[in-house]
Protein chains: 2
Amino acid sequence: MSASGSAPTVYDVAERSGVSIATVSRVYRNPESVRPETRERVLSVARDLGYVPSGNARGLASRSTGVLGLCFPDYSDPDAEAAEDMDDDAAMLYSDQIIRGMERAARRHGYALLIAASLKGGPESLVAKVAGRVDGFAVLARTVPTAELDVISRRQPVVMLAGPRENPDTADHLDHIEVANFDGQRELTRHLIEDHGVRRPAYIGSAEESPDVEARFRGFLAACRDAGVRAGGEPVLRVAMMTQAQGARAAEELCARAGERPDAFVFANDQMAVGALHALERRGVKVPGDVVVTGFDGIPLSRLVRPSLTTVRQPMLRMGEAAVELLVERLSGTRTGEPVSMMLPVTVVRRASCGCGEAEAARAAAR
Amino acid sequence: MSASGSAPTVYDVAERSGVSIATVSRVYRNPESVRPETRERVLSVARDLGYVPSGNARGLASRSTGVLGLCFPDYSDPDAEAAEDMDDDAAMLYSDQIIRGMERAARRHGYALLIAASLKGGPESLVAKVAGRVDGFAVLARTVPTAELDVISRRQPVVMLAGPRENPDTADHLDHIEVANFDGQRELTRHLIEDHGVRRPAYIGSAEESPDVEARFRGFLAACRDAGVRAGGEPVLRVAMMTQAQGARAAEELCARAGERPDAFVFANDQMAVGALHALERRGVKVPGDVVVTGFDGIPLSRLVRPSLTTVRQPMLRMGEAAVELLVERLSGTRTGEPVSMMLPVTVVRRASCGCGEAEAARAAAR
DNA sequence: GCGCTGTCTGTAAGCGCATACATCACTCTG
DNA sequence: CAGAGTGATGTATGCGCTTACAGACAGCGC
């Protein structure tokens, strides 16, 4: 039914148990301060009535919600229905891990988590909706106009995830968490060059603006330059979306191009690399024998494909957790003042697709 | 920063823009009803001030929050820290998919999603916290005492996910969504028997109570009986947790046992089956040559392991979506009265681990 | 000129709770 | 036995917003 009059309130409970609403409130907020018999009586009436304290009223009165928020972009496929059981599932990557990390950390601190993906053209902007309901929140880069964030961050803690500060002088109030994209990609690339003799690596980036991808590319370039390996100032290829399908297409194209085929496909993320692996297998191109392939992110999938994918693992779970820690610090007053900018380390994971990893593979199998 | 006095309110905006608070409110709730010039003036002041409407106050006044909730069990590993980069990642399965499904559907309907996993021994019960902040919510089976749910569901829409109604006479107010565990497992088992000549299948279940797992087992039994295949009244083995590690251990044990080895390991979920696959490979037991292995759930991983895993796919995303639909129906008054009980169909996915799937494998590779 | 209608805005009454403060009944102390 | 101290409860106010209702004012037909 879920509708017999409207929900009971403190008043109903108070009346039925012969106390004042203050006492009812105390039973929930501070049970010790109420005589046990009274407490029990109130609780029992509450149970009978099906009373549940209104979070809204609580929040209003106490000026805090006990909820943290997360805004992220809508990653869902345009043709989501069709993709239902395709590689949509494998797309369980970025936001999901962060959600999970945040949820865990939030729970530890007694917070719940409110999540919302951006909906293009909502009348009420996404943030406003979330911001009004939480004590503080995190935003995945490029989900929300920086200006809007800037306004909001004057009033409540906000942390920006992934992607460097977009505009150093306006986004002044935001705490900030990023990962070592540059370092990770550089180290991975150096490994390919030094340990596997790669000489003609091709970097495959994305057409859309992404500070992360750009940082990775710069890392790639740095390693090339250091080793005296030629590499253009631009990625060899930019794909529209960083999906498996696009990765496969990129591999096809790179193989079909005239001239010498690159001896390494360095992808800006794992998704594309996995797609490429499939495409190459289909074409009969051996990995890592004929060409080396690497990804970036360290999604679960990367360990499971054959050959297993050499990649750079981002600590996404930890990113979510770190976001919560930052928010909680702000909220508890442990930290005030200057926004911090945190850079999480990444780790290069050497597996079969670059030619490493017999040992690795054995260890993985041994699990 | 994030603290210069406290956040601005309607009053501040109203005063600064020379209108009443009612007008400010209208600017947000019903912009058309305010003269354009007035509206602009108000909005501009709001921007200057960094005004964001308080969700709490809104909710209180309007008696609705625009938020749906989800409570789920805490699946995290006991030794989470250690497991950080082990198969914890692959555990991205049940709750995550449902979260994603709900989030999408909720967004379509203009709701945000509040998620919270059960924390053992929190003072305020999980549900109470969530229930007080949302218009309606979904609960994964066995997350929350049924009695508590029953009370709450008298007051607001609640839908229970997965797992049959626990107690038909008390949980009367809940809408209910389950999947065809019985049918799915029966069909899968029949396939093994009829198409692959399996004669000594072993079912591996879980020690913990789970209506889903039981239903699957009954489906397994039904298929065996129908085909005149012997099968005890109990699973051959019950593991403590349905993890990869436990699945591997189960496989070991089944292989080590005296007597004839079963010709099929029928696992109650994919996780365990994947673990078993690894263990069997290590032992040099061929799948499906020496023994057939199947799972249940259809997690992404199942398609990626080698041999790819024959399983039963649960529409978990859809489950989340369906939950939202049910809630929204209740909330909008489209549906009232009797709780419904919805059973989502599952699909048997035949892949390599049962001996099918050369074609399948090819198709998968062709993607 | 009058009343009428319609548009825009203001007034005021809550929404359900938390909490400072007041009150009351006692118990202790000296 | 007065007065201070203590614990349990009640009173009253406000949190920031929505929304019925009322008021003001302009344009209309008569």
Side-chain angles (χ1 to χ4, degrees), chain A residues 5-43 45-46 49-67 124 128-129 131-135 155-156, chain B residues 5-43 45-46 49-67 124 128-129 131-135 155-156:
Chain A
S6 58
T9 72
V10 264
Y11 295 100
D12 302 318
V13 176
E15 191 176 359
R16 289 265 291 243
S17 46
V19 300
S20 73
I21 64 163
T23 298
V24 175
S25 176
R26 279 190 277 258
V27 165
Y28 287 89
R29 304 293 308 169
N30 192 0
E32 319 305 326
S33 74
V34 174
R35 193 156 41 106
E37 321 152 35
T38 315
R39 195 194 313 151
E40 286 314 318
R41 188 154 33 95
V42 170
L43 283 176
V45 169
L49 257 40
Y51 168 71
V52 178
S54 149
N56 283 327
R58 273 197 180 175
L60 225 209
S62 66
R63 263 164 293 273
S64 84
T65 65
V67 178
E124 306 232 7
K129 180 157 187 174
R133 307 207 130 284
V134 302
D135 293 338
R155 298 304 174 182
Q156 72 185 276
Chain B
S6 57
T9 73
V10 262
Y11 295 100
D12 303 318
V13 177
E15 191 176 358
R16 290 264 289 243
S17 46
V19 299
S20 74
I21 64 165
T23 298
V24 175
S25 176
R26 278 191 277 258
V27 166
Y28 287 89
R29 306 292 307 167
N30 192 0
E32 320 306 326
S33 73
V34 173
R35 191 155 43 105
E37 322 151 34
T38 316
R39 195 194 314 152
E40 285 315 318
R41 187 154 33 96
V42 169
L43 282 177
V45 170
L49 256 39
Y51 169 71
V52 176
S54 149
N56 284 325
R58 274 198 178 174
L60 225 208
S62 66
R63 262 163 295 270
S64 83
T65 64
V67 177
E124 305 234 8
K129 179 156 190 175
R133 305 208 132 282
V134 302
D135 293 339
R155 298 303 174 184
Q156 72 185 281

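Sequence lines set the chain letters: A, B, ... in the order given, protein chains first and strands last, and positions in each chain run from 1.
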(message) Across nucleotides 16-24 of chain D, 5' to 3', mark each nucleotide with B, S or - according to how protein heavy atoms within less than 4.0 Å reach it.
(response) BBBB-----

Quick one: does [X]'s side chain get under 4.5 Å of [Y]'s, heavy atoms only?
X	Y	result
A/Y28	A/L43	yes
B/V24	B/Y11	no
A/R133	A/N56	yes
B/Q156	B/V134	yes

(request) Take atom CZ of B/R16 as the centre, draw a 6.0 Å sphere, and report whether it contains more than 12 heavy atoms from other residues, nucleotides or ligands. (result)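 It does not: B/R16 CZ has 12 such atoms or fewer within range.
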
(request) Could you list where the contact with chain A starts and ends along DNA chain C, reading 5' to 3', using a 4.0 Å heavy-atom cut-off? (result)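 In short, chain A contacts DNA chain C from C/dG16 to C/dT19.
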
(message) Restricting to non-hydrogen atoms, name the atom on B/R155 and the atom on A/L49 that form the minimum distance, rounded to 0.1 Å.
(response) NH2-O, 3.1 Å

(message) How long is the straight-line distance from CD of B/E40 back to CZ of B/R35, given to the nearest 0.5 Å?
(response) 12.0 Å

